[in-house]
Structure formats: C-alpha cells, structure tokens
Amino acid sequence: MRVTVIIPALNEAGNIRRLIGEVPKSIMLPVNIEAQISVLVVDNGSTDETAAKAQASGAFVVSEPRRGYGYACAAGVAAANKAEVLIFMDGDGSFDPAEIPLLLAPIAANQATLVLGSRTGQIESGAMPPHQQFGNRLVSGLMRLLYRIPVTDLAPYRAIQRELLLSLNMCEMTFGWPTEMMVKAARHGAQIVEVPVAYRKRWSGQSKVGGTLRGTLLATYYILGVTLRYGFGTSPSVRDNPKF
Ligand SMILES: Nc1nc2c(ncn2[C@@H]2O[C@H](COP(=O)(O)OP(=O)(O)OP(=O)(O)O)[C@@H](O)[C@H]2O)c(=O)[nH]1
Ligand SMILES: [Mg+2]
C-alpha cells in the first residue's frame with residue numbers, strides 16, 4: 001500500500017524536522033500488508049525555514065502560496081498522485097506518527113475508506129482548550145444527527161483512500177475543508193471508522209486556529225456553516241477567502 005502523509009505547514013520551522021523524523025518509512029499492518037510511507041509537506045507561504053528544513057529532512061515539499069488550510073491540503077492531494085492512501089497530519093507535533101498504523105489498519109482490512117483519528121486517546125494537559133472541546137462536541141453531535149455517522153471529533157489526523165477523496169470534489173479552501181470531507185464522504189456512503197488517537201500541545205511556534213480568538217471565530221463560522229449547509233442539501237461552489 002502506497003501511503004503519503006500530507007503535512008500542511010505554515011511557519012512550523014521549529015517542529016517540522018523532528019516530526020518528519022518520527023514518521024516510519026514502512027510498516028507491516030495486521031493483515032500482512034506492507035505500507036510504504038512518504039512525507040509531503042505543503043508549505044503554505046511560510047516566512048520561516050519550514051520548506052528548507054522539511055526538504056533537508058527527506059520530505060518532498062510543494063509550495064501553495066494561497067493561504068488557507070484547505071488550499072494547502074488540496075495542493076498536497078494533487079501532488080501525491082502516486083499514493084493510494086493519504087494521511088493528513090498537522091505540522092506542529094500535536095499528533096503522534098507512531099499512531100499511523102491505527103489509521104491504516106481499517107483501510108488495509110477493507111473495513112473503511114475514511115479513518116478518523118478521534119482525540120479521545122491520551123490528551124496532554126492544556127492541548128485542547130475548553131472552547132475547542134465544546135466546539136468539537138457540538139459539531140460532531142450535529143454530524144451524528146444530520147449525517148448519521150458515528151463521529152466524536154473533527155479529527156484533523158485522518159487517513160482516506162485517494163480515489164474516494166478525488167470523487168468528493170472538494171470546494172472549501174480554508175477552515176471548512178476537513179468538515180467538508182467528512183460530510184461529503186457520509187453523503188457518498190463511504191465506510192467511515194473512528195479510532196482513538198493521542199493529542200499533544202504544539203511543540204513550538206504560534207497557533208493559527210485554536211489558540212487565537214480570530215482563528216477560533218473563523219473556524220467556528222466555517223465548520224458550522226459547512227455542517228449545516230451540506231446537511232440541508234445546498235450545492236456548494238468553490239469557497240475561499242483571500243485573507244486566510
Ligand atoms: N489555520 C491554518 N493552518 C494552516 C494553514 N496552512 C497550514 N496550516 C497548518 O495547519 C495545522 C493546524 O494549525 P494549528 O495552528 O496547529 O491549529 P490548532 O491545532 O488549532 O492550534 P494549536 O493549539 O496551536 O495547535 C498546522 O500544521 C499549520 O501549520 C493556514 O493557512 N491556516
Ligand atoms: Mg495544532
């Protein structure tokens with residue numbers, strides 16, 4: 001199984017080297033399938049050494065100057081055209097690459113095409129502020145209700161079959177991207193499985209979402225908007241916001 005770990009990164013120079021170093025190059029999954037893993041860092045207009053450090057650590061690096069988590073992820077999907085399975089992982093060290101096998105096992109066993117890493121494992125104290133916990137609970141509750149999917153978290157750390165992702169015609173190019181993937185996969189009838197993952201505080205550098213008021217408000221607006229809009233069946237067009 002060819003797997004690419006896509007890391008969208010905006011000014012993560014203090015974390016990227018260590019994080020890439022922790023990603024295993026190949027692993028044996030329980031069903032005797034070998035996963036060969038490569039790392040692709042999408043540099044989202046960083047003003048620090050993120051790209052150079054990622055390259056020096058052996059990752060493939062692409063640049064997406066349009067600012068936005070969704071733009072960065074979408075550029076990664078386009079570039080990872082040899083992969084069968086894509087894993088998305090934040091670039092700040094908050095997710096543990098040692099848990100990659102947990103995300104891949106259900107896909108290898110043909111039990112899932114989208115595996116969501118729910119932050120219900122070992123949570124480092126202070127890693128998830130109360131407002132983020134509340135928002136996650138609220139939106140995943142809405143998703144259970146509107147889409148009938150068994151989810152408990154928005155799960156930025158996740159694995160998906162590339163073919164499924166391409167068929168979803170992703171439109172949200174900022175904070176709404178991960179939510180759009182979940183609700184469209186649900187509508188598509190994809191097999192969605194959740195596994196518990198750990199969550200740590202970012203190793204260093206500045207928060208872009210949960211740790212800032214602006215990031216939190218914007219994320220809430222987009223995430224709730226996507227959950228409700230797709231839930232009530234309105235058809236989307238490409239949504240971006242040049243400021244983010
Ligand atoms: N929000 C945002 N994140 C981006 C962008 N481009 C890349 N990223 C990456 O998306 C990941 C998540 O952002 P974080 O700043 O860690 O958000 P968070 O986890 O809510 O905040 P922390 O509590 O500081 O970890 C990181 O790897 C960022 O570097 C972008 O344009 N906007
Ligand atoms: Mg983070």
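When a ligand or atom number is given, it counts from 1 through the structure's own listing order. All heavy atoms count here, side chains included; hydrogens, waters and symmetry mates do not.
- For the ligand labelled ligand 1, residue Y199 lies inside the 4.0 Å heavy-atom shell.
- The cluster map of Ile, Leu, Val, Met, Phe, Trp and Tyr, joined by side-chain heavy atoms under 4.5 Å apart, puts V61 and L86 in different clusters.
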Pair F88-L165, side chain to side chain contact (heavy atoms under 4.5 Å, CB included): steps then yes or no: CA-CA 12 Å; F88 295 91; L165 183 48; 3.9 Å; yes

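- With 3.5 Å as the limit, one finds a donor-acceptor pair spanning the side chains of T152 and E194.
- Polar contact with ligand 1: present for G68 (N/O pair, distance under 3.5 Å).
- Not close to ligand 1: S94, with no non-hydrogen atom less than 4.0 angstrom away.
- In the displayed structure, Q122 atom CD is contacted under 6.0 Å by at most 12 heavy atoms of other residues, nucleotides or ligands.
- Judged as a side-chain hydrogen bond (donor to acceptor under 3.5 Å, both in side chains), the pairs with a partner in residues 53-64 (not counting sequence neighbours) are, in order, E64-R66.
- Among T216, I16, D90, L10, the residue whose heavy atom lies closest to atom 12 (C) of ligand 1 is D90.
- Each side-chain hydrogen bond (donor to acceptor under 3.5 Å, both in side chains) pair with one or both residues in residues 83-94, not counting sequence neighbours, appears once here: D92-S94.
- Using a 4.0 Å cut-off between charged nitrogen and carboxylate oxygen, E49 and R17 do not count as a salt-bridge pair.
- Members clustered with L213: L217, by chain and number, using a 4.5 Å side-chain heavy-atom cutoff among hydrophobic residues.
- Around the Mg ion (ligand 2), the protein N, O or S atoms closer than 2.8 Å are D92 OD2, listed by chain and residue number.
- Between A127 and ligand 1, no pair of N/O atoms sits closer than 3.5 Å.
- Nearest to atom 16 (O) of ligand 1 by heavy-atom distance, out of V41, L19, D92, is D92.
- In terms of polar-atom proximity, N44 is counted as a contact of ligand 1, with an N or O under 3.5 Å from an N or O of the ligand.
- By the 3.5 Å distance cut-off applied to N or O atoms, A9 is not counted among the residues near ligand 1.
- Atoms of ligand 1 lying under 4.0 Å from any heavy atom of Q132, numbered from 1 in the order shown and given with element: 20 (O).
- Taking every heavy atom of both residues into account, R119 and Q132 meet most closely at NH1-NE2, 4.3 Å.
- Other residues, nucleotides and ligands place more than 12 heavy atoms under 6.0 Å from the CD atom of E34.
- Of all atoms in ligand 1, numbered sequentially from 1 with element shown, those under 4.0 Å from a heavy atom of S207 are 15 (O), 21 (O), 22 (P), 23 (O), 24 (O).
- For ligand 1, the polar-atom distance check finds no N/O of A72 at less than 3.5 Å from any of the ligand's N/O atoms.
- Taking the six-membered ring wherever Trp is involved, the centroid distance between the rings of Y199 and F95 falls below 6.0 Å.
- Below 4.0 Å from some heavy atom of R67 lie the following atoms of ligand 1, by number and element: 31 (O).
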Output, in order, the C-alpha distance, side-chain angles, deciding distance and verdict of side chain to side chain contact (heavy atoms under 4.5 Å, CB included) for L168 and M181. CA-CA 7 Å; L168 300 180; M181 192 195 301; 4.1 Å; yes

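- Near E12, the atoms of ligand 1 lying under 4.0 angstrom from a non-hydrogen atom of the residue are 26 (C), 27 (O), 28 (C), 29 (O).
- Comparing R66, M173, M89, K208 by heavy-atom distance to atom 15 (O) of ligand 1, the nearest is K208.
- In plain terms, the two heavy atoms of P106 and L103 that are nearest each other are CD-O, 3.7 Å.
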